Amino acid sequence: MMFAAFAGLLVAIGIGMPIAFALSTVSILILWHSDVSMLIPVQRIYQGTNKFPLLAVPLFIFAGSLMNHADISRRLVDFAATLVGRMRGGLASVNIITSMLFAGMSGTSMSDTAAVGGIMIPNMIKRGYDRAFTAAVTASSSTIGILLPPSLPMVVLASYMGISTGGLFIAGLLPGLMVGFGLIIASWIISVKREYPVEEKFEFWRFASALVSAIPPLLMPLIILGGILGGIFTATEAAGVACVYGIFAGLFILRTLTMYKLYLAVRDAAVLTGATMFVTATAHLLGFTFTFQQYSQTVMSFFEDAEMTSLTVLLALSIVMILLGIFLDGFAMMFIVVPLFLPTATAVGIEPIHFAMVLIVCWGIGQQTPPMASALFLTSLMARVDVITITRANLWFILVMIIVLVLVMLFPSWTVLWLPQKFGLI
Amino acid sequence: MRIFDMILEITVAALIVAATGVGFTEVVFRYALGSSIGWSFEFLQILLVFITFVGGFLASRKRSHLRVTVLVEALPRSLRMLCFLLAQIGIAITTVVMTVWGWDYALRFQDTHTDMLRIPVVYLYIIVPICGFAMTCQVIADIWTGVRDFVAKGEPESFDFCLPGFDDIEPDTKGTKP
């Protein structure tokens, strides 16, 4: 029955049914087959929305949308250029650094790709960078958007798993930075080999001017992180404060946000929120169905029979998560694997926050390879190069992410758990 | 229908702005005045429920729900139509359950009120069947449009996605053309 349910989910998603409805319809059919009252699906979907930490989802989406419409990308690119522009292949590093800075505001890899790629891809191509390399750098660096706070997948995952959103945010800091700097090193090595150009020399006044210009957008992640780390507010409240700051900064400091742009920002946030929140609600029903049918017990007994160590369990689960992430959307992968794998992971002694971080990194790796690679498709459109060529150019960057994943799996106390424990968030 | 979509967008947008305002005011009250707003937690949860369901309907109207179309796009035209119809039927299973059993479920809370604001709980749960019904109507409309487009254009829906503003990048000699 478990494999039938799993196959049903893959077929439903594969035929193009929206993921939100695929999760709920398969659950409804399983529960119907088990003679469960149809009031239960309704109750579970409703309960899936009625969780306070989820309020951070629309608010972070709104905050990111505000920053997008306030045209902050150019300021961040200028600032990043003064930092790493003098390196060989400087624009590639600028692309990555900008993604890291932008990740602190947007929360999704797609908005990173669109905003950063929109400026960097045309510039890099004009400066003679290979199109596939340009697209690969943009797509891979956008993964940092889901690793560094405030990450939308992290907000949803924390609520879904019932762990601290702030704790997961902070846990993502080191892996996010490791991916970012790993990508810079990889792109630098490639740039040296291909003799890509050096941009500008470091000039203090130029740097200072770019920094001043970038301070208003950079304050947003500082407010969010500082507020959570300092115990001033929860992640949900941080999202609300970030929105108010976004409006204030856009209207009065940057002066790039008009009333019409403000309307567009909130309208875009409304549409994205609708899609994200509804899938979160129906995923709650899927989680209940898997628990009710004891599928997680089946997975757990498989690993118990195989007598695996916690590391081998995590490795096996990661491989499954990456494979699922290649063929499914990250949210779909997450909603399916959490109820199935989390009980097994905790049973063998893996910290839930560690499991969550491994899942997020696997998500990042999975979305770098077709067929389910939204960031790759977007950069393919922007750079006008086919996805397979980008994927080939992306292999070195995927290797960087796999190295970070292995480090996160092998050394959880240093890479994931250290910061949340230090700040008392777990 | 554009006006209807606009009303939906404004409704969800207003709910998000209200959530932002109340969330921020709560922080200000706690730190500036040393007290918190008693009803804010309950009010924000109510807003969240409405954002989810009305937003879910808006996403249905805008076809912005997350979905995987790579496999469908690779299929022959007739199979694409079959997948389209199966997907719509699949959606309808959820929306009909939301409508029929959602109504039944909501009516069970006629005499219950929320703790702080004393709002009848039925008003909260009723959003499930209302949005379920609206989504069911949307499925019927989508099937109608899909069949009509399939007959007229040979495709039940468009998978085309174009990104404005990226056509004017100067071509260079390096890289591969798509």
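We name chains A, B, ... by the order of the sequence lines, and we start the count at 1 in each one. Note that the structure is a prediction, hence the values are computed from the model and not measured.
When A:G240, A:P58, A:A135 are compared by the number of non-hydrogen pairs under 4.5 Å with chain B, A:P58 comes out ahead. Per-residue counts of heavy-atom pairs under 4.5 Å with chain A were compared for B:A92, B:G132, B:G23, B:G90; the largest is that of B:G90. The candidate from A:T273, A:T276, A:V241, A:V26 with the greatest count of non-hydrogen atom pairs under 4.5 Å with chain B is A:V241. Ranked by heavy-atom pairs shorter than 4.5 Å toward chain A, the options B:S60, B:G21, B:A87 are led by B:A87. Interface remark: of the candidates A:L39, A:I28, A:I19, A:L39 forms the most heavy-atom pairs closer than 4.5 Å to chain B. Listed options B:L48, B:V128, B:V12 were ranked by heavy-atom pairs under 4.5 angstrom with chain A; first place goes to B:L48.
Side-chain atoms of B:L79 and B:V72, non-hydrogen and from C-beta on, never get closer than 4.5 Å to each other. Considering only heavy atoms from C-beta on, B:L75 stays 4.5 Å or farther from B:L71 through its side chain. Looking at A:T138 and A:M382, their side chains never come closer than 4.5 Å, going by heavy atoms from C-beta outward.
In this model, a donor atom of one side chain and an acceptor atom of the other lie less than 3.5 Å apart for B:E26 and B:S40. Defined by atom type and a distance below 3.5 Å, a donor-acceptor pair is present between the side-chain atoms of B:T94 and A:T25. No side-chain donor-acceptor contact under 3.5 Å links A:R127 and A:Y129.
The part of B:T95 that comes within reach of chain A is its side chain, from C-beta onward, which places non-hydrogen atoms under 4.5 angstrom from that chain. Interface remark: A:L59 contributes side-chain atoms only to the contact with chain B (heavy atom separation under 4.5 Å). Only the side chain of A:L29 comes within less than 4.5 Å of a heavy atom of chain B; its backbone N, CA, C and O stay farther away. Looking at B:I10, only its side chain comes within 4.5 Å of chain A, counting heavy atoms on both sides. With a 4.5 Å cut-off on non-hydrogen atoms, A:A12 does not touch chain B at all. Neither the backbone nor the side chain of A:F133 comes within less than 4.5 Å of any heavy atom of chain B. Proximity to chain B is absent for every atom of A:L285, based on heavy atoms less than 4.5 angstrom apart. For A:L55, the parts sitting under 4.5 Å from any heavy atom of chain B are the backbone and the side chain alike. The part of A:F62 that comes within reach of chain B is its side chain, from C-beta onward, which places non-hydrogen atoms under 4.5 angstrom from that chain. Both the backbone and the side chain of B:V49 have a heavy atom closer than 4.5 Å to some heavy atom of chain A. With a 4.5 angstrom heavy-atom cutoff, A:S24 touches chain B via backbone and side-chain atoms both.
With A:T391 contributing its side chain and A:T369 its backbone, the two residues share no donor-acceptor pair below 3.5 Å. Side chain of B:Q88 to backbone of B:I143: no donor-acceptor contact under 3.5 angstrom is found.
Annotation: B:Y105 is not in aromatic contact with B:W101 [ring centroid separation under 6.0 Å not met]. Aromatic ring centroids of A:F278 and B:F57 lie 6.0 Å or more apart.
Here the straight-line distance linking atom CZ of A:F331 with atom OG1 of A:T280 works out to 6.5 Å at 0.5 Å rounding.
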